[in-house]
Protein chains: 2
Amino acid sequence: MAEKTDLSRLNCSLAGALSIVGDWWSLLIVRDALLGVQRFGEFRQSLGLARNILADRLRRLVADGILSREGPEQRPLYGLTVKGRALAPALLALMQWGDQWVSKEGPPVVVTDSGGREIDPFTLQAGGRQLGYGDLRFQPGAGCQPDTRTFLAEMAKRPRDA
Amino acid sequence: MAEKTDLSRLNCSLAGALSIVGDWWSLLIVRDALLGVQRFGEFRQSLGLARNILADRLRRLVADGILSREGPEQRPLYGLTVKGRALAPALLALMQWGDQWVSKEGPPVVVTDSGGREIDPFTLQAGGRQLGYGDLRFQPGAGCQPDTRTFLAEMAKRPRDA
DNA sequence: CTGTATCCTTAAAGATACTG
DNA sequence: CAGTATCTTTAAGGATACAG
């Protein structure tokens with residue numbers, strides 16, 4: 001979207017993820033796919049976006065290995081790949097946040113397991129132990145650039161609240 | 001971003017969440033805030049975006065109750081509110097996905113607890129029990145519109161794999 | 001039904017100069 | 001330092017007609 005800055009150059013996995021599914025439609029398409037939507041027309045009806053935009057997004061998602069495109073060339077079925085399904089936690093975490101902090105009249109959709117039990121809210125844990133926000137620490141990883149490294153070191157010095 | 005369609009009309013908590021933090025920069029700003037970034041100039045240096053854009057995003061995030069703006073009017077400190085911190089799971093889930101499926105040379109940043117233990121990968125659970133992708137079900141919730149309800153019912157009939 | 005091709009409008013983002 | 005004001009560029013998205 002008027003993307004002058006290439007997010008992928010930001011040395012960050014979040015930016016990497018956003019550069020793939022960070023636009024307005026991609027995650028909603030994945031959500032639909034998770035629901036069971038498979039056809040071009042169904043996505044279109046569900047999301048109400050223009051044909052060319054949907055075509056572009058589907059092409060991109062297939063190219064990025066998030067969707068598969070199978071069946072007759074003229075009437076293909078789209079489905080989530082393993083990589084695409086792996087987006088489920090991020091997607092549902094975002095939904096949970098929306099449920100709790102944005103939706104006014106109760107959640108429009110409740111996500112459950114096959115027995116009807118609601119999906120547990122995602123929480124921060126490490127080694128099985130529950131974490132508070134103030135326990136979070138950011139360390140340089142294997143792919144860390146020098147400037148990011150000094151940046152992290154600088155930030156790590158700051159006192160953390162809560 | 002050329003947002004012709006108002007996402008908030010899509011009866012979905014995901015769309016609701018995306019209409020607030022679904023643009024290219026907002027989540028990255030929240031990430032920086034999570035890291036400890038507090039000042040206008042620091043955000044600017046870290047993200048490399050234009051002044052006016054940053055000002056706009058900060059204003060929006062404050063208006064949406066995600067960031068607080070405190071301290072001297074001329075040199076304010078920005079910090080995450082409770083609502084803002086609540087984005088951490090979604091944000092980290094997205095980072096984890098990026099780490100696993102996008103980053104090439106190892107994660108640039110590793111998130112740990114104060115003891116240095118890595119944050120556990122987010123997984124689907126219900127009632128404490130681990131779930132597979134195929135166990136997910138979507139049910140109409142309290143705020144569900146009639147058309148969404150029929151749509152969900154239609155999709156629920158489909159066979160689910162994996 | 002599933003796209004492609006084309007045109008058009010809008011607005012998001014960048015750059016820069018300026019102000020308190 | 002933390003913005004605001006203004007200008008320009010560019011691209012994303014919508015609409016529609018058409019094709020396989």
Side-chain angles (χ1 to χ4, degrees), chain A residues 1-10 15 18-30 32-33 36-64 67-79 154 158, chain B residues 1-10 15 18-30 32-33 36-64 67-79 154 158:
Chain A
M1 354 231 103
E3 181 190 7
K4 313 298 178 60
T5 306
D6 180 9
L7 282 188
S8 59
R9 74 166 174 72
L10 285 176
L18 289 177
S19 69
I20 297 182
V21 294
D23 73 281
W24 291 103
W25 291 119
S26 295
L27 268 189
L28 290 166
I29 290 174
V30 171
D32 269 19
V37 171
Q38 300 180 98
R39 296 198 178 287
F40 187 91
E42 293 173 340
F43 284 109
R44 212 164 117 58
Q45 183 176 11
S46 167
L47 299 173
L49 79 177
R51 294 170 154 308
N52 48 354
I53 306 300
L54 176 58
D56 175 73
R57 288 306 184 282
L58 290 174
R59 202 179 310 122
R60 283 233 280 250
L61 288 169
V62 169
D64 286 328
L67 290 182
S68 62
R69 185 180 189 279
E70 288 162 2
E73 189 64 31
Q74 285 72 354
R75 203 153 177 275
L77 292 167
Y78 293 95
E154 192 61 36
R158 300 203 170 164
Chain B
M1 0 232 97
E3 179 190 8
K4 312 298 176 61
T5 306
D6 180 10
L7 283 189
S8 58
R9 75 166 175 69
L10 284 177
L18 288 177
S19 69
I20 296 184
V21 294
D23 74 281
W24 290 104
W25 291 118
S26 295
L27 266 189
L28 290 168
I29 290 174
V30 170
D32 268 19
V37 172
Q38 300 180 96
R39 298 201 176 286
F40 188 90
E42 292 174 343
F43 283 110
R44 211 166 119 57
Q45 183 177 11
S46 167
L47 299 173
L49 79 176
R51 300 168 98 61
N52 48 356
I53 306 300
L54 176 58
D56 176 73
R57 287 305 183 283
L58 290 174
R59 202 179 310 121
R60 284 232 282 251
L61 289 169
V62 169
D64 285 329
L67 289 182
S68 62
R69 186 180 189 278
E70 288 162 0
E73 189 62 32
Q74 284 73 353
R75 204 153 176 275
L77 291 167
Y78 293 95
E154 192 60 36
R158 302 203 168 163

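Mapping Tyr78(A) and Arg60(B) onto DNA chain C by nearest heavy atom places Tyr78(A) closer to the 5' end of the strand. The residue among Ile53(B) and Pro76(A) whose nearest nucleotide of DNA chain C lies closer to the 5′ end is Pro76(A).
In this structure, Arg51(B) reaches the bases: a heavy-atom distance under 4.0 Å links it to at least one base atom across the strands shown. Among the heavy atoms of the strands, none lies under 4.0 Å from Asp56(A).
Closest to the Ala50(B) side chain, of the nucleotides dA15(C), dA12(C), dC1(C), is dA15(C). Nearest nucleotide to the Trp25(B) side chain, out of dT4(D), dG13(D), dA13(C): dA13(C).
Without hydrogens or angle criteria, Arg39(B) side chain to Leu77(B) main chain gives no donor-acceptor distance under 3.5 Å.
Atom C1' of nucleotide dC1(D) and atom CZ of Arg44(B) are separated by 12 Å, given to the nearest angstrom. As rounded to whole Å, 15 Å separates atom C1' of dA12(C) from atom CG of Leu54(B). In this structure, Leu18(A) places its CG atom 17 Å from C1' of dA13(C), rounding to the nearest Å.
Minimum interatomic distance between Gly36(A) and Arg158(B) (heavy atoms only, all atoms of both residues): O-NH1, 2.6 Å. Phe40(B) and Arg51(B) get closest at one heavy-atom pair: CZ-O, 3.7 Å.
Judged by distance alone, with hydrogens and angles left aside, Asn52(A) brings no side-chain donor or acceptor close enough to the base of dG3(C) to form a pair under 3.5 Å.
In this model, the phosphate group of dG3(D) is approached by a side-chain N or O of Arg69(B) to a distance below 4.0 Å at OP1 or OP2. Using a 4.0 Å cut-off, some side-chain N or O of Arg39(B) falls inside it from OP1 or OP2 of dA2(D). For dT4(D), one of the phosphate oxygens OP1 or OP2 lies less than 4.0 angstrom from a side-chain nitrogen or oxygen of Arg59(B).
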Query - Full working for side-chain contact (heavy atoms from CB on, under 4.5 Å) between Ile29(B) and Leu67(B) - result: CA-CA 10 Å; Ile29(B) 290 174; Leu67(B) 289 182; 4.2 Å; yes
